[in-house]
Protein chains: 2
Amino acid sequence: MKYGIGEFSRITSLSIKSLRLYHEKEILVPSEVDQFTGYRYYNEMNIEFAKTIKILKEYDFSLAEIKEIIDEFNDESEILEQLIKKKNEIEKKIARYKDISVSIDSIIKKEKENKMRIENEFEIEEKEIETMLIAAYRMKGKYSDVGKGFGVLAKNFGSEINGKAMCLYYDGEYKEDDADIETCFPVRKGKDVDGISVRGLKGGRCVSLMHKGPYELLGESYRKIFNYINARNYNTLIPSREVYIKGPGMIFKGNPNNYLTEIQIFIQR
Amino acid sequence: MKYGIGEFSRITSLSIKSLRLYHEKEILVPSEVDQFTGYRYYNEMNIEFAKTIKILKEYDFSLAEIKEIIDEFNDESEILEQLIKKKNEIEKKIARYKDISVSIDSIIKKEKENKMRIENEFEIEEKEIETMLIAAYRMKGKYSDVGKGFGVLAKNFGSEINGKAMCLYYDGEYKEDDADIETCFPVRKGKDVDGISVRGLKGGRCVSLMHKGPYELLGESYRKIFNYINARNYNTLIPSREVYIKGPGMIFKGNPNNYLTEIQIFIQR
DNA sequence: CTTGACTCTCCCCTTGGGACAGCCTTTATA
DNA sequence: TATAAAGGCTGTCCCAAGGGGAGAGTCAAG
């Protein structure tokens with residue numbers, strides 16, 4: 001019995017392309033090649049080899065490895081070593097892919113959260129904020145210096161961070177250069193270290209507005225929120241907060257037009 | 001500030017080869033290319049892009065995908081879809097690799113078992129065999145027909161099989177054509193179905209010899225074992241057993257020289 | 001000016017898939 | 001019956017995502 005390449009391909013479920021390649025690499029040589037037409041013809045013995053090759057391919061051996069194996073060995077027990085090596089490689093790949101999966105998943109979750117938050121975007125609302133434990137680093141300086149503060153906090157409490165970065169503003173008014181700012185992160189636990197205070201941050205009732213866009217345009221949102229507060233004659237408390245829901249991302253440096261910042265002005269009840 | 005390709009490679013941990021490729025594909029174009037020497041020079045902006053590319057590469061995006069993403073988007077939220085798709089791909093890979101891992105593992109375990117068995121190879125020994133539950137299919141025919149019997153058993157009890165295939169020989173002598181053979185598998189549980197008897201197979205004391213090599217040479221091992229038995233004036237019982245420790249393998253059809261068959265002749269106490 | 005460190009381009013390798021041109025056989029139609 | 005179309009077969013070239021290496025040109029320090 002002899003089979004043409006198409007038929008043999010159907011028998012073995014190896015593509016014609018692959019069969020030609022295996023021939024070229026002398027991994028699976030047809031039993032007969034027509035001298036004039038170049039047509040490949042296969043026989044039963046080829047089928048046996050093809051089965052072995054298919055299984056080794058499923059086990060992720062490269063063609064070079066497969067060639068070596070079928071040229072030199074003909075029993076499972078003789079390639080135990082190779083099987084063990086291959087298994088280790090595969091375990092490594094699994095571990096790597098699992099890492100990636102977890103990592104992508106966390107980004108996806110974060111973005112979905114943000115999406116939900118955007119739903120009620122641009123609506124001023126009043127709400128209750130719970131008391132939370134924070135690690136805080138107080139500083140005087142320019143608004144643009146807060147990055148440094150977050151750096152200090154992240155270095156000391158990286159693994160305990162439990163929420164979005166925030167700033168507390170202790171000035172009643174806008175100050176260009178010498179603002180009194182406290183950068184902070186919600187944390188799970190921890191205690192004071194040099195310059196960083198870990199404490200409960202009292203909650204309360206606040207007026208909140210989600211600001212979407214670059215930090216430079218925050219002024220506009222502040223104007224809106226104060227209009228609302230003044231219209232109702234609320235008495236505001238200090239400090240006010242900015243919660244940085246979304247800034248530069250993990251993948252992209254980020255498009256400032258998508259930054260999300262929640263402004264919280266606390267009021268007396 | 002501008003960096004040569006080597007320096008930039010060190011900064012970004014991207015290989016020089018990769019950088020040249022990314023340039024060619026217009027994924028990461030150097031800020032400046034010397035018109036005469038062709039030297040590539042990079043700047044800070046390139047570093048930002050390089051970071052994004054690195055992360056996407058870690059997440060297993062292809063260069064084509066990366067190019068599309070960085071050309072069209074600049075925020076995580078915009079590529080949520082791609083991230084989800086990629087995550088699904090990765091989950092599939094994990095599943096596939098896990099399958100492979102399990103499969104290779106079972107071969108490894110089997111081979112290791114066999115290796116241990118070979119340790120005390122070729123030594124005739126006397127031992128006790130426990131009673132075991134078997135599914136058995138009795139037939140009359142040639143020795144070479146037993147494959148059919150095992151096929152029937154495997155089809156009906158595939159998932160319950162609990163040990164190596166065996167044959168029970170009810171003839172006291174060698175019979176060429178019309179041997180009375182019972183093919184059987186140890187099973188976990190099950191009950192009689194057409195032609196197949198499920199029952200306890202009584203154990204007892206037996207003389208055992210491991211035969212290594214093709215089935216055609218079993219005669220030699222039988223000679224050895226009967227010499228041993230006759231020398232001691234043991235009374236043998238019927239049926240005798242052959243346990244097929246190792247035959248054709250999962251990967252290789254198998255080298256008959258490595259086949260392992262244990263002959264068990266039961267004796268009266 | 002020399003030397004050693006860089007950098008350039010070009011080619012080979014992996015494991016097939018896709019496209020394309022040319023040859024052969026089989027089948028359907030005029 | 002002659003012819004044409006369909007489909008199978010062949011080979012060749014391009015592509016992914018870089019690593020390895022050759023051979024030649026370039027830069028900067030001594």
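Chain identifiers are assigned alphabetically (A, B, ...) following the order of the sequence lines, protein sequences preceding nucleic acid strands; residue numbering begins at 1 within each chain.
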Counting side-chain heavy atoms from C-beta on, which of dG16(C), dT15(C), dG18(D) comes nearest to Ser62(A)? dT15(C)

Atom OH of Tyr39(B) and atom P of dG25(D): how far apart are they, to the nearest Å? 12 Å

May I have the distance from Leu19(B) (atom CG) to dA17(D) (atom C1'), rounded to whole angstrom? 13 Å

Starting at NZ of Lys57(B) and ending at P of dA17(D), how long is that distance when rounded to a whole Å? 10 Å

Neighbour count above 12 (heavy atom, 6.0 Å) for Gln35(B) CD: no

Between Lys85(A) and Glu81(A), is there a salt bridge with N-O shorter than 4.0 Å? no

Establish whether the base of dG21(D) is bridged to the side chain of Lys17(B) by a donor-acceptor pair shorter than 3.5 Å. yes

Measure the distance from CD1 on Ile16(B) to C1' on dT9(C) and round it to the nearest whole Å. 14 Å

Of Arg20(B) and Ala64(B), the one whose closest DNA chain D nucleotide lies more 5': Ala64(B)

What is the distance, rounded to the nearest whole Å, between atom NZ of Lys25(A) and atom P of dT15(C)? 7 Å

Just to be sure I understand the rule, does Gly4(B) reach a base, reach only the sugar-phosphate, or reach nothing, if contact means heavy atoms closer than 4.0 Å? sugar-phosphate

Closer to the 5' end of DNA chain C via nearest nucleotide, is it Leu63(A) or Arg10(B)? Arg10(B)

Would you mind reading off the distance between His23(B) atom NE2 and dA17(D) atom P, rounded to a whole angstrom? 18 Å

Please tell me which of Ser15(B) and Glu7(A) maps to the more 5' nucleotide of DNA chain D, matching each residue to the nucleotide holding its nearest heavy atom. Glu7(A)

Can you check whether Phe185(A) and Phe150(A) have ring centres sitting under 6.0 Å from each other? yes

Does this structure show an ion pair linking Lys86(A) with Asp60(A), if we count only N-O contacts that are shorter than 4.0 Å? no

Between P of dC9(D) and CZ of Phe8(A), the distance in whole Å: 13 Å

What about the rings of Tyr215(A) and Tyr259(A), do their centers lie closer together than 6.0 Å? yes

Do Tyr22(B) and dG18(D) share a donor-acceptor pair, side chain to base, under 3.5 Å? no

Integer-rounded Å distance: dT14(C) C1' and Leu21(B) CG: 15 Å

